[in-house]
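Computed from a prediction, not measured in an experiment: that's the story for all the values here. Only this structure's heavy atoms are used, side chains among them; waters, hydrogens and symmetry mates stay out.
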Amino acid sequence: MSKKLLIRDLTLRDGQQSLFATRMTQSQVERVLPLFKEAGFYAMEVWGGAVPDSIMRYLNENPWERLEKIKAVIGDTSKLTALSRGRNLFGYNPYPEEVIEGFNRNAISSGIDIMRIFDALNDVTNIKSTIEYVKNNGGIADCTVCYTVDPKFTPKQKLKALLHFKTLPHDIFTIDYFVAKAKQLQEMGADMITIKDMAGLIPPNKSGELIARLKRELKIPIDFHTHCTPGYGLAAVLMAIVNGVDIVDTSIMNFAGGPAAPAFEIIQLFANKMGIDTGVNVDAVVKINKELKKIRHELADFDSYKMFPIEFDITKDQLPKEVDKMFDMAIAFAKANKEEELLDVTQKIEKFFNFPGPDEMVKNAEIPGGMYTNMLAQLKQLKLDQLLPKVLETVPMVRVAAGCPPLVTPTSQIVGVQAVNCVIDENKGLPPYSTKSIQFVNLVKGNYGKTPLPVDPEFRMKVAGVNVEMPYDTKNYKKQENTIFHDYGEMKLAENEKNELLLELFPSVARDFLKKQVEQKYLNDIHAIEEEKQRKIDEEKAKYAALSPEEKAKRLQYGLYHYEWSSDVDNYLE
């Protein structure tokens with residue numbers, strides 16, 4: 001009996017978000033759904049993340065309808081999964097329990113089977129209530145531990161700390177730290193645990209060690225999720241497989257690699273060699289990949305790489321002997337924990353398939369690719385991109401001051417923006433933290449939850465005006481106004497609970513989207529009334545046309561036909 005490995009396909013959410021700014025339209029999604037049903041992945045990530053916001057903002061599409069239409073095709077063939085941030089859901093501040101409960105209940109009733117729940121601080125208390133709501137509504141609670149690395153300091157920063165008799169933090173995010181978090185989540189009722197390495201920073205040996213520990217010490221399934229940006233992704237996934245992981249996350253080839261996850265096809269080739277059954281219909285995957293290539297061409301305006309993998313049909317194409325040998329070598333290196341050799345050979349395999357090589361800047365800076373590009377964009381807008389090296393040096397110090405949050409959305413962007421602000425302040429001769437975002441203030445204040453390290457009370461007072469942690473109080477939460485449009489027949493902006501939730505979770509974007517929906521519905525209603533009126537007129541015309549000339553004349557004489565078309569009545573007397 002062969003070993004089993006379950007595959008969670010990320011193509012329709014994480015894949016398109018990582019590579020094409022989440023711009024797949026509903027019609028593009030629907031072109032591949034019947035093929036995905038044939039493929040039979042264990043799970044398909046199709047919702048959450050940037051999908052609800054992006055498709056309202058850019059495509060004028062309803063997120064709930066997208067999910068429901070996917071479920072209608074996929075049914076129970078694959079479990080549909082979504083990504084959300086526990087108490088924060090899709091925003092920054094925590095939401096009241098009724099919003100969290102309503103969102104999870106409606107997500108599950110609309111088709112979600114597995115809710116992947118993460119918290120940007122790895123504060124498990126921010127996940128607790130979501131676990132309860134997901135499970136109470138028949139869903140699977142996939143609880144996430146966000147992988148991150150310790151701040152990386154320059155020799156100058158280390159020397160400065162030493163001269164001031166200060167110790168820079170180290171050994172924070174150890175294997176013990178991640179295992180302890182996973183155990184806490186298991187105790188809270190998690191049905192499975194995902195190690196989510198959103199920045200692709202976990203090297204293979206740590207991936208192997210972490211998965212091995214989790215498999216020994218936990219009783220629930222373990223999923224491994226990573227990205228390929230710094231060049232570790234494929235090797236890290238292979239090490240996870242060798243060490244007994246239950247599920248791995250992949251994207252289909254044309255939506256894989258670079259900032260996205262490793263390609264399913266490459267993982268399948270490894271599985272074939274290792275006698276592992278993924279349960280996936282690879283014939284269907286080949287068909288999906290061909291259609292995805294067409295869709296990728298259609299998304300060219302949002303494709304930052306425009307670097308397509310080679311044409312390769314895993315059902316019939318043979319690898320060149322030297323590449324086939326690389327697969328064998330990679331397996332051997334993974335089993336022997338030879339990290340350097342493993343990375344070398346897996347990167348050569350990815351090069352053969354024409355995937356982007358490692359992003360050395362991201363790799364050396366040890367920050368997520370999105371955070372790096374956002375900081376650069378912020379500086380370029382101000383024509384200060386020459387300050388980027390200084391910003392990269394500042395990031396670890398800002399991060400430490402803020403309690404060393406993991407670098408994951410949204411904390412990665414909060415820290416990145418603040419690092420830019422500090423460098424610009426310094427460039428103007430101002431003290432650091434003269435300019436600070438409200439999000440950074442709230443992070444330091446404690447609004448978002450407990451940070452991995454405590455924030456220094458003096459720094460908290462300097463930045464936030466308080467010296468003790470101040471958790472966010474949802475009693476101050478103000479519900480969004482559900483506007484009534486008197487000019488549109490008293491229609492409400494959000495006419496049901498699902499749309500009310502969109503308004504709560506994405507206030508400005510949903511308000512614009514829902515207003516367009518109200519306007520369109522009003523126009524449709526007016527059009528329907530006009531159509532019904534015309535239908536009745538047409539019926540009368542037809543009845544009149546069927547009469548004899550004598551009967552027509554008789555009815556006209558007695559004024560039985562005084563309709564809008566009566567002035568043209570002579571046309572019907574022929």
Tyr58: ring-ring contact (aromatic ring centres under 6.0 Å, His included) partners, not counting sequence neighbours: none

Please determine whether the number of non-hydrogen atoms from other residues, nucleotides or ligands lying under 6.0 Å from atom NZ of Lys135 exceeds 12. yes

Exceeds 12 heavy-atom contacts within 6.0 angstrom, atom CD of Gln386: yes

Write down the atom of Thr346, the atom of Leu234, and the distance for their closest heavy-atom approach. O-CD2, 3.8 Å

More than 12 heavy atoms of other residues, nucleotides or ligands under 6.0 Å from NZ of Lys390: yes or no? no

Sorted by chain and residue number, the side-chain contact (heavy atoms from CB on, under 4.5 Å) partners of Gln26 (sequence neighbours excluded) come out as Glu30, Glu61, Arg66, Lys69

Under the side-chain contact (heavy atoms from CB on, under 4.5 Å) rule, collect the residues that match up with Lys515, sequence neighbours excluded. Phe485, Leu493, Glu519

Tell me every residue that passes side-chain contact (heavy atoms from CB on, under 4.5 Å) with Asn374, counting only those two or more places apart in sequence or in another chain. Gln413

Over all heavy atoms of both residues, which pair between Met253 and Glu265 is shortest? Give the atoms and the distance, please. N-OE1, 3.0 Å

State, with a plain yes or no, whether a side-chain heavy atom of Asn421 is found less than 4.5 Å away from one of Lys436. no

The test is salt bridge (Lys or Arg N to Asp or Glu O under 4.0 Å); show your working for Asp142 and Lys79 and say whether it passes. CA-CA 12 Å; Asp142 173 13; Lys79 296 184 188 303; over 6 Å; no

Answer whether the closest heavy-atom distance between the side chains of Leu12 and Leu33 falls below 4.5 Å. yes

Would you confirm whether Asn427, through its side chain, and Val423, through its main-chain N or O, come within 3.5 Å as a donor-acceptor pair? no

Should we say atom NZ of Lys128 is surrounded by more than 12 heavy atoms from elsewhere, each under 6.0 Å from it? no

Can you find a heavy atom in the side chain of Phe224 that is under 4.5 Å from one in the side chain of Ile195? yes

Between Val398 and Cys422, the two heavy atoms sitting closest are CG2-SG, 4.3 Å

Where at least one partner belongs to residues 106-139, residue pairs that pass ring pair (Phe, Tyr, Trp, His ring centres under 6.0 Å), sequence neighbours excluded: none

For Phe506, which residues count as a ring-ring contact (aromatic ring centres under 6.0 Å, His included) partner, sequence neighbours excluded? Phe90

Thr144 (side chain) donor-acceptor with Cys146 (main chain) under 3.5 angstrom: no

Is atom NZ of Lys306 surrounded by more than 12 heavy atoms (other residues, nucleotides or ligands) closer than 6.0 Å? yes

Electrostatic pair Arg23-Asp303, nearest N-O below 4.0 angstrom: no

Any heavy-atom pair between the side chains of Val400 and Pro169 that's under 4.5 Å? yes

Beyond-backbone contact of Met361 with Leu392, side-chain heavy atoms, under 4.5 angstrom: yes

Which pairs count as ring pair (Phe, Tyr, Trp, His ring centres under 6.0 Å) when at least one residue sits in residues 245-264, sequence neighbours excluded? Phe20-Phe255, Phe41-Phe264

Give the table of side-chain donor-acceptor pairs shorter than 3.5 Å for residues 437-445, with sequence neighbours excluded, one pair per line with atom names and distance.
unit_1 : atom_1 : unit_2 : atom_2 : d
Ser437 : OG     : Phe440 : N      : 3.0
Asn442 : ND2    : Ile438 : O      : 3.4

Check against salt bridge (Lys or Arg N to Asp or Glu O under 4.0 Å), Asp119 and Arg87: CA-CA 8 Å; Asp119 178 68; Arg87 291 180 66 208; over 6 Å; no

Would you please classify the geometry between the Phe459 ring and the Tyr433 ring as parallel, tilted or perpendicular, with 30° and 60° separating the classes? perpendicular

Excluding sequence neighbours, so at least two apart, what forms side-chain contact (heavy atoms from CB on, under 4.5 Å) with Asp512? none

Could you pull out all residues at least two apart from Tyr95 that satisfy ring-ring contact (aromatic ring centres under 6.0 Å, His included)? Tyr477

With a 4.5 Å cut-off on side-chain heavy atoms, are Pro410 and Arg85 touching? yes

Gap separating the CD atom of Gln378 from the CG atom of Asp385, nearest 0.5 angstrom: 12.0 Å

Go through the structure and list residues passing ring-ring contact (aromatic ring centres under 6.0 Å, His included) with Tyr177, not counting sequence neighbours. Phe173

Would you please test Thr11 and Asp9 for side chain to side chain donor-acceptor pair (under 3.5 Å) and show each step? CA-CA 6 Å; Thr11 304; Asp9 177 81; 2.9 Å; yes

Please assess Asp249 against Arg116 for the test salt bridge (Lys or Arg N to Asp or Glu O under 4.0 Å), listing each intermediate value before the final yes or no. CA-CA 12 Å; Asp249 291 7; Arg116 176 174 279 174; 2.9 Å; yes

What one should report as the nearest heavy-atom pair of Asp191 and Gly139 is OD2-O, 4.1 Å

Are Met192 and Ile247 side-chain neighbours, meaning at least one heavy-atom pair lies under 4.5 Å? yes

What's the spacing between Trp47 CH2 and Leu67 CG if we round to 0.5 Å? 5.5 Å

Among pairs that include at least one residue of residues 391-408, which meet side-chain hydrogen bond (donor to acceptor under 3.5 Å, both in side chains), considering only residues two or more places apart or in two chains? Thr148-Arg399

I want to check something: taking the side chain as every heavy atom from C-beta on, are Lys479 and Val99 in contact at a cut-off of under 4.5 Å? no

Between Arg213 and Ile175 (side chain of the first, backbone of the second, donor and acceptor by atom type, cut-off under 3.5 Å), is there such a pair? no

